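Report on the following structure.
Nothing here was measured: the structure is a model prediction, and the numbers come from that model. Chain naming here is simple, since letters A, B, ... match the order of the sequence lines and numbering starts at 1 in each. Just so it is clear, the values below take in all heavy atoms, side chains as well, and ignore hydrogens, waters and symmetry mates.
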2 protein chains.
Amino acid sequence: MAATATLLGLEKKSLREQALAALRTAITSGALEPGRHLVETELSEMLQISRGTLREALRQLEQEGLVSAGARGRLSVRHLDAKEIRDIYSVRAALESLAARTLCELPDRQHVIGSLRAAIQAMEAATHGTLEERVESDLEFHRTMCRLTGNETLLHSWESLEGSIRMSIMFAGLEKGVRNMSVDRHNDIVAAIETGDATLARNTIREHMDSAAAVLVA
Amino acid sequence: MAATATLLGLEKKSLREQALAALRTAITSGALEPGRHLVETELSEMLQISRGTLREALRQLEQEGLVSAGARGRLSVRHLDAKEIRDIYSVRAALESLAARTLCELPDRQHVIGSLRAAIQAMEAATHGTLEERVESDLEFHRTMCRLTGNETLLHSWESLEGSIRMSIMFAGLEKGVRNMSVDRHNDIVAAIETGDATLARNTIREHMDSAAAVLVA
DNA sequence: AACACGGCGACTGTAAACAGTCGACCCCTG
DNA sequence: CAGGGGTCGACTGTTTACAGTCGCCGTGTT
């Protein structure tokens with residue numbers, strides 16, 4: 001039963017994880033605006049947790065690049081300019097290109113294709129949902145792609161970047177983000193993977209990323 | 001003066017940073033062998049720091065992939081098998097390919113070439129040093145390459161992977177690691193960047209990574 | 001002998017207290 | 001009025017103490 005609960009993601013989350021999630025949401029939603037100075041006592045009071053627990057969460061956030069350290073350990077919400085967004089998307093493109101290429105090289109891609117198609121359906125289902133839901137389903141597709149490679153390191157690296165990606169979308173303005181989630185584009189990616197042509201898949205990903213980044217910094 | 005001290009890296013390191021460095025060294029040197037269960041009270045006593053401070057360091061280590069979490073927050077030193085090493089090197093190759101490609105696209109690469117050549121000279125100087133020094137100078141070359149792109153996100157991602165890379169080298173056995181640092185290979189990389197041919201540079205990096213990974217898992 | 005149960009020890013999760021440091025502001029002085 | 005010095009307040013760095021939980025082991029029962 002315990003195992004089932006774990007598999008279903010129902011296990012009690014530690015306060016640290018809750019705090020981490022809450023802070024991520026607060027930052028990517030803009031509740032904590034870029035450049036905002038983060039005061040530990042303030043946050044611990046807001047989240048109703050102790051500073052020690054909070055600090056652990058902040059370390060992870062720091063590692064994810066959502067908060068940056070200033071003088072004497074002062075933390076503030078990271079501020080992204082256009083160049084940084086392009087840089088983030090360059091790295092994202094590199095990682096997802098690897099993912100696509102890896103998937104192309106799998107002998108049996110049926111299961112992969114199926115999972116990706118399911119993720120796209122989830123995106124379609126969210127088409128008329130809130131913006132947050134649409135972004136979420138979009139990221140879920142890409143995360144799934146990385147996960148399906150079976151390369152844990154790749155998945156881990158992508159997830160470390162995920163916060164920055166979310167922030168890019170947030171920072172570039174919410175309306176702009178909408179165009180970033182066309183279902184067609186994602187179908188192209190799946191189709192490319194289905195053919196098994198690694199070069200094609202890589203180029204499709206790269207174009208997808210380039211256009212997404214272009215929209216965000218336009 | 002304070003700025004100078006900072007630039008020279010002379011600023012007082014916090015206990016957390018010292019602990020982090022110590023733990024990284026302990027793990028990559030094998031003092032804490034893979035699979036080893038990490039007990040907080042044990043480590044805090046060894047390092048002469050409090051558990052709270054230690055836990056912050058452990059969070060970072062976890063994010064870097066050097067330690068993995070088991071049931072109920074139990075941490076242990078990550079165990080790498082051959083597949084994982086290949087996976088790590090796949091991601092490394094993707095990141096460094098991006099770095100090389102980015103450098104190729106710079107209009108003025110003279111400064112870059114100079115810095116890389118200097119890094120190679122440092123490697124040559126370390127040829128007859130200890131194994132640790134050779135590995136260090138090797139990694140320094142690649143880190144420099146990432147840094148010179150000016151893409152902070154890329155550098156950050158690479159540094160997040162650095163611990164895993166070190167662990168790969170350690171895990172695969174120390175003797176094998178030696179061949180991993182041929183100066184010639186690195187000269188090839190610099191030469192490729194100098195030509196400005198992004199495809200050539202990318203392929204050179206990829207070959208370098210492939211052969212390195214092949215040696216490690218042989 | 002097998003099994004259920006209860007106490008115990010080992011660890012992690014969390015909180016609260018203590019210490020040190022830097023900057024701002026005010027007062028005092030020339 | 002300008003400058004020096006000192007006090008105060010706001011934070012972060014670090015430690016110590018407390019609570020909860022799980023597994024182990026011995027014990028008693030059948």
If you measure only the distance, is there a donor-acceptor pair under 3.5 Å linking the side chains of [X] and [Y]?
X: B:Thr53; Y: B:Glu56; value: no
X: A:His186; Y: A:Asp138; value: yes
X: A:Glu40; Y: A:Ser44; value: no

Just call it for [X]: base, sugar-phosphate, or nothing, with non-hydrogen atoms closer than 4.0 Å on any strand.
X: B:Ser14; value: sugar-phosphate
X: B:Leu54; value: nothing
X: B:Leu43; value: nothing
X: A:Arg51; value: base
X: B:Gly73; value: sugar-phosphate

Once you round it to whole Å, what is the distance between [atom2] of [N] and [atom1] of [X]?
X: B:Leu58; N: C:dC11; atom1: CG; atom2: C1'; result: 13 Å
X: A:Glu45; N: D:dA10; atom1: CD; atom2: C1'; result: 14 Å
X: B:Glu17; N: D:dG13; atom1: CD; atom2: C1'; result: 11 Å
X: A:Glu56; N: D:dG13; atom1: CD; atom2: P; result: 14 Å
X: B:Gln18; N: D:dG13; atom1: CD; atom2: P; result: 13 Å
X: B:Glu40; N: D:dT16; atom1: CD; atom2: C1'; result: 15 Å
X: A:Lys13; N: C:dT14; atom1: NZ; atom2: C1'; result: 18 Å
X: A:Ile49; N: C:dA15; atom1: CD1; atom2: P; result: 7 Å

How long is the span from the [atom1] atom in [X] to the [atom2] atom in [Y], to the nearest 0.5 Å?
X: B:Leu155; Y: A:Asp87; atom1: CG; atom2: CG; result: 11.0 Å
X: B:Glu159; Y: B:Glu152; atom1: CD; atom2: CD; result: 8.5 Å
X: A:Glu62; Y: B:Gln63; atom1: CD; atom2: CD; result: 10.5 Å

Query raised in the report: Does B:Glu84 come within less than 4.0 Å of B:Arg78, counting only side-chain N to carboxylate O?
Result: yes
Review item, nucleotides 6-10 of chain C N/O atoms under 3.5 Å of protein N/O:
none

Side-chain N or O of [X] versus OP1/OP2 of [N]: is the shortest distance under 4.0 Å?
X: B:Ser50; N: D:dT15; value: yes
X: B:Arg55; N: C:dT12; value: no
X: A:Thr53; N: C:dG13; value: no

**Report entry** A:Gly52 or B:Leu75, whichever maps to the more 5' nucleotide of DNA chain C
**Finding:** B:Leu75
**Report entry** B:His37 or A:Arg72, whichever maps to the more 5' nucleotide of DNA chain C
**Finding:** B:His37
Requested in this report: Quick one: sort the B:His208 and B:His142 rings into parallel, tilted or perpendicular, breaks at 30° and 60°.
Outcome: parallel
